[in-house]
Visitor: 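Below is one structure. I have some questions about it.
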Amino acid sequence: MNGFTEAPLTNIMATGLDRLRGDDPELYDVLVRELDRQSTVLSLVASSSVVDPSVLASLASVAVNVTAEGYPGRRYHAGCEVVDDIEQLAIDRARRTFGARYANVQSHSATNANYTVLSALLRPGDPVLGMELEHGGHLTHGSPAAYAGQYFRVVGYGLTDEGLIDYDQVHRLATGHRPRVIICGATAYPRSIDFARFRQIADEVGAYLLADISHTAGLVATGLHPSPIDHAHITTTCTHKQLFGPRGGLILSGRDHDAPAPRGRGTLADFLQRAVFPFSQGAPALNTIAAKARALDMVTTAEFRAVAERIVEIGGVLAETLAGLGYRLVSGGTDNHIVLVDLSPKGMTGFVAEQALEECGIVVNKNRVPRDPTPAFVTGGIRIGTNSAARRGLGREDARYCAELIDQVLRSVEVHGERGYRVPPSVRMSVRARVADLCARRPVPGYPAAELASSGR
Ligand code: DSN
């Protein structure tokens, strides 16, 4: 490196922060307020995560200044020789992390990755089989509210009465409708997914299998959840949930990467490269790709493995404690980071529970449950997740304590219809203080710790 004073990146970041504080205090103050919120409330949102400061630094790096359409070594702009190394690093690390033979790191999110794959593989009106949103699927898997549901002929599968994926139904619908693509993977499914079974069904009807592992990518990478890489033709994931990376997506392929491309011209991997650029995207966000590379490197560490193990462990404790306190859980428990609570037996909507818990410093999200009669903004349940809590280092005792606090709030709420409620002020103050203390005792590694509110626990 030539011509730099010591720590050039540090200097730029420090200058940037000084200018932000001096020139735009309005924005600076909001950013500080958000850091303060994150330090004092407990995020149990299943899709949440907290990035390492080194991921933040990569995201804020000078790679943002480069326009680089195309791929490393084959760009449509000059000046890409350094960012080529960044993108290649991210590709290599994505492949290594998942044992994939092919990786594309340019997608801006998993939604973006899913639509890239679907719009390249399919023509409008083609049949697709995906998981129903209210059974735990994702908007991009074929919801009528979203692009996939409106441009393709989507048939939805769901869960059995026990809350498990109904593989017999998947098989029946696949043989009946002959989909061109079957989508597996979920956003609100607390159990492991049998990707081999999905592939058997896909092969029987000649469909492509697309696995979206956005929610379980960290568990897949560490072997704590089965991997779809060599079962699915194509696997997608976001990088900002269980990989604790920046907002972004990945497209991966395993043993099928060198299968013939769908409509001629090379292999499936070649097809996917063209599907991202130029078919559906322009220039990639190279600062985000740098941050993906950083996050993916961390996924292979012993520290990450310990977090992944904790994600599952405290998920199990939360589920067990809530079930013991009389809550009905979809599927009866969890194998991953998600606990899905059906609140209908409690006469309370997900909307009320989410708002009441947030007033008390516990952040979850309202979520529809199987056969939910309520609309998406009301919902019959809540989804609880342990990614961020595990990153904070919460253990079994803490998880039990969180479940008890959740119960304390939900037991004390006065419910007035689908959206009306009141949390007794004494409960709000006491739970908020306890949550703040828990957060202060378990700060996110590398982030400033909040002060103890001294609840006495
Ligand atoms: N897929 C949505 C979720 O699971 O919360 C947001 O990324």
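Note that ligands are numbered from 1 as they come in the structure, with each ligand's atoms numbered from 1 the same way.
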Visitor: Any donor-acceptor pair under 3.5 Å linking the side-chain atoms of Tyr167 with those of Gln200?
Guide: no
Visitor: Geometry only, no angles: is Thr187 polar-contacting ligand 1 at N/O separations under 3.5 Å?
Guide: no
Visitor: If the condition is side-chain hydrogen bond (donor to acceptor under 3.5 Å, both in side chains), which residues does Thr349 pass it with, not counting sequence neighbours?
Guide: none
Visitor: Show the atoms of ligand 1 that are less than 4.0 angstrom away from any heavy atom in His215.
Guide: 3 (C), 4 (O)
Visitor: Below 30° counts as parallel, above 60° as perpendicular, anything between as tilted: where do the rings of Phe198 and Tyr157 land?
Guide: tilted
Visitor: How close does the nearest protein non-hydrogen atom get to atom 7 (O) of ligand 1, and which residue and atom is it?
Guide: Lys241 NZ, 2.9 Å
Visitor: For residues Asn336 and His225, is any side-chain donor paired with an opposing acceptor at under 3.5 Å?
Guide: no
Visitor: Between His138, Arg383, Arg247, His240, which one has a non-hydrogen atom sitting closest to atom 3 (C) of ligand 1?
Guide: Arg383
